[in-house]
Protein chains: 2
Amino acid sequence: MSTPPRAKAGRPPQIGREAIITASVQVIDADGLDALTMRRIGAELEVTAMSLYRYLPGRAAVLAAVVNRLVVEVRFEVDPQAPWTDALRRFALGYRRMLLAHPRAVPLLATHPVDPTIGHAMTAPALARLRAAGIPDQDGLAAVQSVGCFLTGQALAQVGAPPGVRRPPAHAGAECYEHWFTIGLEAMLGGFQQQLTGR
Amino acid sequence: MSTPPRAKAGRPPQIGREAIITASVQVIDADGLDALTMRRIGAELEVTAMSLYRYLPGRAAVLAAVVNRLVVEVRFEVDPQAPWTDALRRFALGYRRMLLAHPRAVPLLATHPVDPTIGHAMTAPALARLRAAGIPDQDGLAAVQSVGCFLTGQALAQVGAPPGVRRPPAHAGAECYEHWFTIGLEAMLGGFQQQLTGR
DNA sequence: ACCTGAACACCGTTCAAGT
DNA sequence: ACCTGAACACCGTTCAAGT
């Protein structure tokens, strides 16, 4: 949307907005959210922290950009033959795949709002399938929202302990959370099917 | 559990663990998570930041203590006459009441693990009701977990934007989230009823 | 026993200056 | 046009010192 800094004259840029975001995701994946300092991002790009401010107005902007970068990488395919609840299931699995691929970013994703345009684009295929099944957009949106909230909360419980916090020793293993995830998701899907398609 | 510092001799303490936690909750409620610095907590208690370390080993310990303080204040009553799903509903409403009473603490509550003992105590009445209805503890636990995850995710979506982040202008109002919350919760409860009590 | 002052190693961010 | 060095106002945390 806004014009990126162009080299009409003078030196070509050593870095850029996209490179900053990519480096930030790498740092988070490798060392967690706390390690994502402006100085560290700069070091990753062999540049000082101050140069970053040419491309993003501050650390908060970096975090917001990371959230949107991760959300756009969510992918899932809707099977038009399958019942409409399957579209919600596939949305859930696709979103969850992204979350578990970036466990240290989950607290960030959970607490930062997603750009509405990007959020809408992500859920569009699922919503379209519900619409094709005769479900009003208002109800479809509520269902997608609810599934999304459950996903976020579930991923947080599984991997969401913040950077410095030790997980309690009685903490359940990954298999357990996988099981709870399926149980909860299927309950919600079954409930929506009952609610929206009248038993 | 661990013996609190007692004044066997010398000066009586000006502050204490509980006072620190209380002051911390006040700061969060008033000015948000970012405002909760050791120096600020100290100022609230008319003491320097360094004195806090006598009672809690650091900022992370303060945050953990705040989480547990807030979770223990969750209250709900189970109606033994009502269907077992009503116990889950009341648990959800009680938990949600606490979350919405401390909106600026929601990101903290969502990302910090709860002390297992406290967490178990909070959910015990609901679990007991499910057990009385003949639902195995394993299934009951999965249901409670799922409802809790949905609650957390939902509250985050509603109030969870982190301290410095502006909510997007297209953001839905509180009524909308209240509606989505009901829809999602009832779908999940309906699904569990079907799953566990066989339609 | 309890609290403090000074200090250390970090932050994010600004601003004027270099090339 | 792009990048940097120095500086500022903050952090959390330590440690020896006061009373």
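Quick caveat: nothing in here was measured; it's all calculated off a predicted structure. By convention in this document, chain letters (A, B, ...) are assigned in the order of the sequence lines, proteins followed by strands, and residues within each chain are numbered from 1.
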*In the 5'-to-3' direction, what one-character label does each nucleotide of nucleotides 9-18 of chain C receive under the scheme B = base within less than 4.0 Å of a protein heavy atom, S = sugar-phosphate only, - = no such atom?*
--BBBB---B

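- Of the possible polar contacts, none joining the B:R17 side chain to the B:Y55 backbone as a donor-acceptor pair under 3.5 Å is found.
- Ring planes of B:F181 and B:F150: parallel class, angle under 30° (limits at 30 and 60°).
- Taking atom OH of residue A:Y55 and atom C1' of nucleotide D:dT4, one finds them 13 Å apart after rounding to whole Å.
- Remark: C:dA16 base-pairs with D:dT4. Criterion, Watson-Crick or G-U wobble with two distances under 3.5 Å.
- Crowding of A:H179 atom NE2: a count of heavy atoms from other residues, nucleotides or ligands under 6.0 Å not exceeding 12.
- Residues A:G58 and A:Y53 approach most closely at CA-CE2, 3.8 Å, considering heavy atoms.
- Atom CZ in B:R17 sits roughly 16 Å away from atom P in C:dC3 (whole-Å rounding).
- Under the 30°/60° scheme for interplanar angles, the aromatic rings of B:F91 and B:Y95 are found to lie parallel.
- Although no hydrogens or angles enter the test, the distance criterion places no donor-acceptor pair under 3.5 Å between the side chain of B:R39 and the main chain of B:L36.
- Contact annotation: A:S51 does not reach the phosphate of D:dC3 (side-chain N/O to OP1 or OP2, under 4.0 Å).
- D:dC11: no Watson-Crick or G-U partner with both key distances under 3.5 Å is found in any strand.
- The CG-P distance, from A:L45 to D:dT4, rounds to 11 Å in whole Å.
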